[in-house]
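Below is one structure, written out as C-alpha cells; the observations come after it.
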Amino acid sequence: MNFALPQKGYKTVLLFLTMLSWVLLTAYGMIEQYLLVQGHQEIQQNLPIWIKGLLFNTFLLCAFFTIRRIDVQKDDNEDFYGFLWKAFGSSIISVSLSLMLNVFMIVAKNYLLEHTLLYSFIYHIDFGLFVAFLLTAYHKWKHLITYQATKFMRGLMKTFEYTLFITLFFHFFGFKFFPPYSYIILLFLVLMTFVLSVNIRWIAHLNFNQKIRSILLLLVTLGVQFYFLFEFLDYEEKAKESIKTITNLVIDLQNSVFFIATFVFTGTYSVISALLLLFNLPTSSVFEKKIGELASFQKLSESLLSGDNEKQVYKVLLESAIQTLHADAAWLEIWNSKRDFITKDISNQEAIQLKKVIYEKGLDRSKPRKYSAMQLFEKEYEEQKYQSVLSLPLIANKSYLGSLVLLKEVDNAFDNVVMTTLTSFVTQASLAIYNFRLITTAVETQRYQNELKIAHRVQESLLPNVIDVDNQFEICVKAGSADEVGGDYYDYFQVAPHRFAVIIADVAGNGTSAAFYMAQMKGIFHSLVRLDLSPDLFMEYANNALSSCLEARLFITATYLIIDTEKRKIYSSRAGHCPTLYYNAREEKADFLEEKGIGLGIIRNGTYGKHTQVSIFDYEEGDTFFLYTDGINEARHPVSKEEYGYDRIKNFLEENAHCSVSQIAELVIDDIYQFIEGDDLRDDYTVMVMRFD
C-alpha cells in the first residue's frame, strides 16, 4: 500500500518540526548559558560546535520549507498587492512581539540580572521572530521576481537559493567567516541579488493608489528589517551591560553568510521596488485612463449585444463611439441594398463632401486609418472645421459591410491605443450586423439544427452518464464536441467481479459521420467485451468488424484496458490512440505509456493481429491513469498556433495529482480554454481520469 501524506498534514508536520528544532536550539543555548554562569567554562567551551550548527540549520530549513508550503497553499490566487501586504503583516507581527520583549527586558532588568537563563530564552524568541519575518519576506519577494520571468531568470533564482543552502555548511564549524570561501560565496550572492532585482514587471499591474500604499508597505517592511539588524548587532553589548556576564548567545549573525545574503536580498529588492514604484507614479494616471477607456468599450459591447435589429445596432454603434471618444461628429455608411448613410452632428451634405475627399485620397477598406486636415486639404487645411479624421472599416467574415468615420476639431486627436481598442469594438459591431443578416439563412437551416440536437441527445444516450465501480476505483469523464455531435467514444463494462473493461476511442474527423461510426464502435464493444478477450484480441476482432463498414479513408484510434482489482494489475492495448499518462503516487511522477499499435481500420488484409500487443502494469493505491483524445493535446493557441502538447498535460497532472478525479478532469479543461484564450476547440475532446483505491 502506498502512503501519501495529505497536503494539510504535510504542513502540520513541517510546523511541528520547526517548533521542535527551535526548542532544541533554545535548550542547547540555555545549557551553554547555565554552564557559563555556574563557572563551568571548560565544559561549556568543550561542547561540540557541530551540534549547535546542526540544530541551527535544522531550525532554518524547517522554517524555510514551512513558510514555502504556506506560500504554495495560499499564494496561488493572490495578487501582487497581496504579497506586499503579507510581508507587511509578517513584519508588523514580528516587530510588535519583539518590542514587547524589549519592554519586558527594560522593566525586568534587575530580575534578569539574577536569571540569565531567562535572558537567553528571550533572546531565542527574538531570534525566532526575526527568522520568521526574514524568510517570509524572502518567499514573497521570490514570487514577485519570478512573475513573467525568463527561463534564465528563473534558473538564476534557483541557483541563488541552492547557493544559499550551501552556506549553511559553514555553521557546522562555528559562526564565523572562513576566508576566502565565505567572501567569494557572499560576493556571488550579492551580485546575483542585483541581477534578480531588475525583474519588477508586477509594478505595471498596480494602480496609482496601490503604488502609493505599496511604497509605504515596502518602507515599513524595510524599516522592520533594519530594526532587527540593529537589534542583533547590539545584543552582545546588551548582554554584557545587563547581565555582567560574558555570554555566548548561540549565533553571531554578523558572520553568517546565510543571514547576510538573505538580508541583502530582501533589503535590496525592497529598496529597488520602492524607487521604481516612486518613478512610475507619474505614468499611473495615463494607464488608469486607458483602463477606463477599455472598461467603457466593454460597456459598449454589452449595449451593442442588446440591439434588437440591424438598425438598432447602427444607432448604438454610432452614438456609443461618439460618446466614448468625445468625437465632435461622425457618420456611418452601410453597404447594403439601401446604402444607408447615417450622420450625427454633421449634415449629410458636409459628410458627403468630406467622404469624397477621403475617397480621392485613398480610403483603405482593409484596416483603420487616421487622416489629418493637412493630409486631406493640403494648403487649405487651416480653414477646415475638422482637423482629425478616423476611418474604421466594418468587416465581418472577410466581407466589407461599410465604414464608421469619426471627426474631431483638434489635431492629432486619435492615438493608436484608442484606435486599436475601438477597432475591436467596431469588429464586434460588424459581426453583430453580419449575424443579423444571417437570420434569414438561419431560419432556413433551423430544421437541420433541430435534427442535430436530436442526434446530440441520441449520442448522449449512447455514452454512460455515471460510471460506478463499487469503490474498486474511481472514474470521471469529461467530454465535449466541436459540433453538435462528435466522434469520441468511451465506455465501461464489468466483465467479472474483479475484472473491469474500459475503452476510450476517437473516430478520425468530427460531425455526423464521426458520430455514426462512434455508434458502431459502441455496438462492437458491447458485443466483444462479453467474451472477456485479452486486449490484443479485442483490438484484432474490433479491427475485423470495422474493416467491413468504415470508409477507406477513415480509421478509429482506441485504448482498451482490462483492470483486475484482485491482482491489482492493468492489461492494456493501444490502437494508435494518444499515449496514456500514468501517475505514480509513491514517486509523485507521471510518465506516458508508449505502447505500440495501429488505428482500427487502417490494415484490412487480415494481418492486424501482428501489430497489436498487451502491456501489463501493476498499480498501487493512489495511482492515477489519465486517458484522453487528441482534442486535448492538439488544442492550439489562436495566435502562436502552438499546441497544448503532451508536456503540458504531464506537468498539469503532476501539479494537480492531489485533487480528486472530477477536479482533475474539470481543471484540465479549464486550463486548455485558458491556453487557447477562449477560442473554440477545433476537435472533439474527452478526458477520462481513473484513480485506484
Side-chain angles (χ1 to χ4, degrees), residues 10-11 13-22 24-25 28 48-73 75 87 90 124 127-146 149 151-197 199 225 228-229 232 250-270 588:
Y10 180 49
K11 186 184 74 173
V13 170
L14 279 175
L15 187 60
F16 171 76
L17 292 177
T18 303
M19 295 300 297
L20 179 62
S21 57
W22 177 84
L24 294 176
L25 179 64
Y28 186 93
I49 190 66
W50 65 267
I51 295 180
K52 183 190 301 183
L54 176 63
L55 295 174
F56 180 65
N57 288 343
T58 303
F59 170 62
L60 286 180
L61 290 173
C62 290
F64 182 92
F65 288 109
T66 299
I67 295 172
R68 188 174 76 170
R69 172 54 54 184
I70 295 173
D71 279 354
V72 169
Q73 290 184 326
D75 288 347
S90 173
H124 283 84
F127 171 71
L129 294 173
F130 179 44
V131 170
F133 157 70
L134 193 62
L135 293 183
T136 299
Y138 169 84
H139 281 288
K140 299 303 178 184
W141 290 183
K142 177 184 173 183
H143 275 289
L144 297 176
I145 287 174
T146 54
K151 186 177 181 181
F152 169 77
M153 192 66 71
R154 289 179 179 272
L156 191 63
M157 189 69 233
K158 288 184 179 179
T159 303
F160 178 90
E161 199 164 271
Y162 293 151
T163 307
L164 202 60
F165 286 145
I166 291 174
T167 63
L168 296 177
F169 181 74
F170 294 133
H171 297 153
F172 289 108
F173 304 97
F175 300 91
K176 60 183 180 179
F177 279 116
F178 295 91
Y181 311 110
S182 298
Y183 295 114
I184 294 174
I185 294 177
L186 181 58
L187 178 61
F188 176 68
L189 290 171
V190 171
L191 291 176
M192 281 200 296
T193 294
F194 284 101
V195 176
L196 290 168
S197 296
N199 197 38
Q225 189 170 339
F228 276 111
L229 173 66
F232 282 93
V250 180
I251 304 118
D252 184 4
L253 299 183
Q254 301 177 62
N255 294 321
S256 174
V257 177
F258 180 90
F259 273 96
I260 294 175
T262 308
F263 185 91
V264 171
F265 173 83
T266 53
T268 301
Y269 196 73
S270 298
E588 297 185 353

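Since the structure is predicted, the reported quantities are computational estimates derived from the model, not experimental observations. The analysis underlying the following values was restricted to heavy atoms, covering all of them including side chains, and did not include hydrogens, waters or symmetry mates.
Put simply, CD on Glu161 and NZ on Lys142 are 3.5 Å apart, with the number rounded to the nearest 0.5 Å. Within the model, atoms CG of Leu191 and CG of Leu186 stand 9.5 Å from one another, a figure rounded to the nearest 0.5 Å. Atom-to-atom distance recorded for Leu17:CG and Phe65:CZ is 12.0 Å, nearest 0.5 angstrom.
Note: Phe259 and Phe130 have parallel aromatic rings, judged against thresholds of 30 and 60 degrees for the angle between ring planes. Aromatic ring pairs are classed by plane angle as parallel below 30°, tilted from 30° to 60° and perpendicular above 60°; the pair Phe59 and Phe127 is tilted.
Checked against Thr58 for a side chain to side chain contact (heavy atoms under 4.5 Å, CB included), the options Leu61, Leu60, Leu54 give a single hit: Leu54.
Formation of a donor-acceptor pair under 3.5 Å by the Thr268 side chain with backbone atoms of Phe265 is not found in this model.
Put simply, the side chain of Trp141 does not reach to within 4.5 Å of the side chain of Leu196, judged on heavy atoms. The shortest side-chain heavy-atom distance between Phe170 and Ile185 falls under the 4.5 Å cut-off. Within the 4.5 Å cutoff, the side chain of Phe160 has no heavy atoms near those of the Leu156 side chain. Side chains of Leu144 and Tyr269 form a contact here, defined as non-hydrogen atoms less than 4.5 Å apart. In this structure the side chain of Met192 reaches within 4.5 angstrom of the side chain of Leu189, judged on heavy atoms.
Of all non-hydrogen atoms in Asn57 and Leu168, the two that sit nearest each other are ND2-O, 2.8 Å. Among all heavy-atom pairs drawn from Val131 and Ala63, the shortest one is CG1-CB, 4.2 Å. A pairwise comparison of heavy atoms in Ile67 and Ala132 identifies CD1-O, 3.8 Å as the closest pair.
Atom CD of Glu588 has 12 or fewer neighbouring heavy atoms from other residues, nucleotides or ligands inside a 6.0 Å radius. Within 6.0 Å of CE in Met157 there are more than 12 heavy atoms belonging to other residues, nucleotides or ligands.
Listed by chain and number, the residues in a ring-ring contact (aromatic ring centres under 6.0 Å, His included) with Phe64 are Tyr138, His139, Phe165 (sequence neighbours excluded).
Remark: the Gln225 side chain and the Ser270 side chain contain no N/O donor-acceptor pair separated by less than 3.5 Å. Side chains of Thr66 and Thr18: a donor-acceptor N/O pair is present below 3.5 angstrom, by distance only.
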